[in-house]
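For this chain, numbers begin at 1 and follow the sequence in order. Values below: every heavy atom of this structure, side chains too, minus hydrogens, waters and symmetry copies.
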Amino acid sequence: SSGMGKTKILYSYKNAVRDGQSKGEAQSALLVLCRRKNPDEDRAAEEEAIFDHFIDLASIVQTDDDFQKASERVSPKLDEIVQGKSGKVVLMFDEAHYLL
C-alpha cells in the first residue's frame, strides 16, 4: 500500500488537532515515524518538518519478541513522547510494521 497518501492523511489530522488547540481544546496529536531518520540531510529535514518524534523500532523490537515483550521494549519510548502533555494525546504511527 505504498504511495496511497497515508502519511498525508495523518499529517492533515495532526494539523486539524493543532487548529483545535488554538481554539482552547485540550488535546494533542503527535506523528511518530517508526524508523530512524533518513541519513540524507535534505530528506532528514523534510522528515523533521512532518514528524514530531522518531522511534527506531528495528533497533528496539526483536524479531522473536512476542507482543508482551515488544510492548515492554517500546513503552518507555512512548512514555517519553507523552511526558509533559496534558489532556487527550493521540499518537499516530507511520512505518510501524515492526509491531506486526
Query raised in the report: Heavy atoms, side chains only, cut-off 4.5 Å: are Val90 and Met92 in contact?
Result: yes

**Report entry** Nearest-0.5 Å distance that lies between atom CD1 in Ile81 and atom CG in Asp52
**Finding:** 9.0 Å

Requested in this report: Measure the spacing between OG of Ser71 and CD of Gln68 and express it to the nearest 0.5 Å.
Outcome: 5.5 Å

Report task. Check whether any side-chain heavy atom of Ile55 sits under 4.5 Å from a side-chain heavy atom of Leu78, and report yes or no. Result -> yes

Query - Spatial distance of atom CD (Glu48) from atom CG (Asn38) [nearest 0.5 Å] - result: 10.5 Å

Query raised in the report: Is there a path from Ile60 to Leu91 through hydrophobic residues (I, L, V, M, F, W, Y) whose side chains come within less than 4.5 Å of each other?
Result: yes

Report task. Look up atom CD in Glu72 and atom CZ in Phe67, then write down how far apart they are to the nearest 0.5 Å. Result -> 10.5 Å

Report task. Identify the heavy atoms of Ala29 and Tyr13 that sit nearest to each other, and give their distance. Result -> CB-CE2, 4.3 Å

Report task. For Cys34 and Leu57, work out which heavy atoms get closest and say how close. Result -> CB-CD1, 3.4 Å

Query raised in the report: So, does Asp94 use its side chain to make a donor-acceptor pair with the main chain of Leu33 at under 3.5 Å?
Result: no

Query - ILVMFWY network linking Tyr11 to Val17, side-chain heavy atoms under 4.5 angstrom - result: yes

Query raised in the report: Which residues pass the salt bridge (charged side-chain N to carboxylate O under 4.0 Å, His left out) test with Glu80, sequence neighbours left out?
Result: none

Query raised in the report: Are Val74 and Val89 in one and the same hydrophobic cluster, where Ile, Leu, Val, Met, Phe, Trp and Tyr link if side-chain heavy atoms are under 4.5 Å apart?
Result: yes

**Report entry** For Glu47 against Lys37, the heavy-atom pair lying closest together
**Finding:** OE1-CA, 3.5 Å

Report summary line: Paired with Leu10, the side chain to side chain contact (heavy atoms under 4.5 Å, CB included) test is passed by just one of Val32, Leu31, Asn15, namely Leu31

Query - For Lys14 against Ile50, the heavy-atom pair lying closest together - result: NZ-O, 2.9 Å

Requested in this report: With the side chain counted from C-beta on, respond yes when Lys77 and His53 share a heavy-atom pair under 4.5 Å apart, and no when they do not.
Outcome: no

